[in-house]
Asks: 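Okay, handing you the structure first.
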Amino acid sequence: GSWCPAPLRRGRALPRPPPRPACAVGRPLRWASSSSQPGPTESDPSEGQVFLSESCVKRLLEITEGSEFLRLQVEGGGCSGFQYKFSLDTVVNPDDRQGQRGGARVVVDVDSLAFVKGSMVDFSQELIRSSFQVVSNPQAEKGCSCGTSFSVKF
């Protein structure tokens with residue numbers, strides 16, 4: 001298989017925590033629109049939601065400072081047509097949707113949310129790398145072995 005790592009795109013080096021078991025149990029995030037217009041309620045299924053694993057929440061609390069949050073974007077490219085991009089950010093745009101769990105915040109723009117709704121964000125630690133990953137994405141048909149690239153169901 002092809003190998004395509006997706007490191008966090010940011011200057012600050014991320015400290016490596018001691019190894020721990022990953023827990024893949026997630027709860028739905030409370031989503032809020034950053035725009036002032038009245039939007040769908042939290043129970044509206046068309047709004048979509050993303051889950052955060054325990055290991056993702058714990059890692060985010062370790063590496064974020066102040067108003068920082070994890071931004072998840074979907075871009076064209078990669079081995080399978082689309083790829084996940086993670087970054088630390090502090091600016092919330094008008095078309096962003098924000099989610100929070102246990103003090104950890106994740107922000108996804110509306111266009112990207114359509115590709116990841118119903119999936120879980122996990123923090124995975126392996127011998128050769130540690131990274132945030134989108135797992136169990138119901139919108140994805142197949143993915144590449146690196147876990148960052150996927151194709152969409154039609």
Asks: Heavy-atom distance under 4.5 Å between the side chains of F132 and D122, does that happen here?
Replies: no
Asks: Restricting to non-hydrogen atoms, name the atom on S124 and the atom on Q133 that form the minimum distance, rounded to 0.1 Å.
Replies: CB-OE1, 3.7 Å
Asks: Ignoring hydrogens and angles, tell me if any N or O in the side chain of D89 forms a donor-acceptor pair with the backbone of V91 under 3.5 Å.
Replies: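 A pair under 3.5 Å: yes.
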Asks: If I take atom CZ from residue F86 and atom OG from residue S131, how far apart are they, to the nearest 0.5 angstrom?
Replies: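 Reported to 0.5 Å precision, the distance equals 8.0 Å.
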Asks: Indicate the atoms forming the closest heavy-atom contact of I63 with E68, along with that distance.
Replies: O-OE1, 3.7 Å
Asks: Would you sort out whether L72 and V121 count as a side-chain contact (heavy atoms from CB on, under 4.5 Å), showing the intermediate values?
Replies: CA-CA 9 Å; L72 167 57; V121 179; 4.1 Å; yes
Asks: Does N137 use its side chain to pair, donor to acceptor, with the backbone of F115 at less than 3.5 Å?
Replies: yes
Asks: Would you find a donor on one side and an acceptor on the other, under 3.5 Å apart, between the side chain of S55 and the backbone of F123?
Replies: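 Flag set: sc S55 to bb F123 pair under 3.5 Å.
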Asks: How long is the straight-line distance from OG of S130 back to CZ of R59, given to the nearest 0.5 Å?
Replies: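 With rounding to 0.5 Å, CZ (R59) is 6.0 Å from OG (S130).
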Asks: Mind checking what makes salt bridge (Lys or Arg N to Asp or Glu O under 4.0 Å) contact with R105, not counting sequence neighbours?
Replies: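 Salt bridge (Lys or Arg N to Asp or Glu O under 4.0 Å) list for R105, sorted by chain: empty.
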Asks: F69 versus V92: any side-chain heavy-atom pair under 4.5 Å?
Replies: yes
Asks: Quick one: do E54 and R101 satisfy salt bridge (charged side-chain N to carboxylate O under 4.0 Å, His left out)? Show the steps, please.
Replies: CA-CA 9 Å; E54 295 285 354; R101 178 182 172 203; 2.7 Å; yes
Asks: Using modelled atom types only, decide if a donor and an acceptor are shared between the side chain of N93 and the backbone of D96 within a distance under 3.5 Å.
Replies: no
Asks: Can you tell me how far the OG atom of S53 sits from the CE atom of M120, to the nearest 0.5 Å?
Replies: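 Spacing of OG (S53) from CE (M120) equals 6.0 Å.
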Asks: Do any N or O atoms from the side chain of S112 and from the backbone of V108 form a donor-acceptor pair under 3.5 angstrom?
Replies: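 Not confirmed, S112 side chain does not pair with V108 backbone.
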Asks: Got V110 and R97 here, is their nearest side-chain heavy-atom distance under 4.5 Å?
Replies: yes
Asks: Specify the closest pair of heavy atoms between G118 and F51, including all atoms of both residues, with the distance to one decimal.
Replies: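 Where G118 meets F51 most closely, the heavy atoms are O-CE1, 3.8 Å.
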Asks: Is there a path of hydrophobic side-chain contacts, each under 4.5 Å between heavy atoms of I/L/V/M/F/W/Y residues, joining L52 to L88?
Replies: yes
Asks: Is the backbone N or O of K117 less than 3.5 Å from a side-chain atom of Q139, with the two atoms forming a donor-acceptor pair by type?
Replies: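 Between the backbone of K117 and the side chain of Q139 there is a qualifying donor-acceptor contact (under 3.5 Å).
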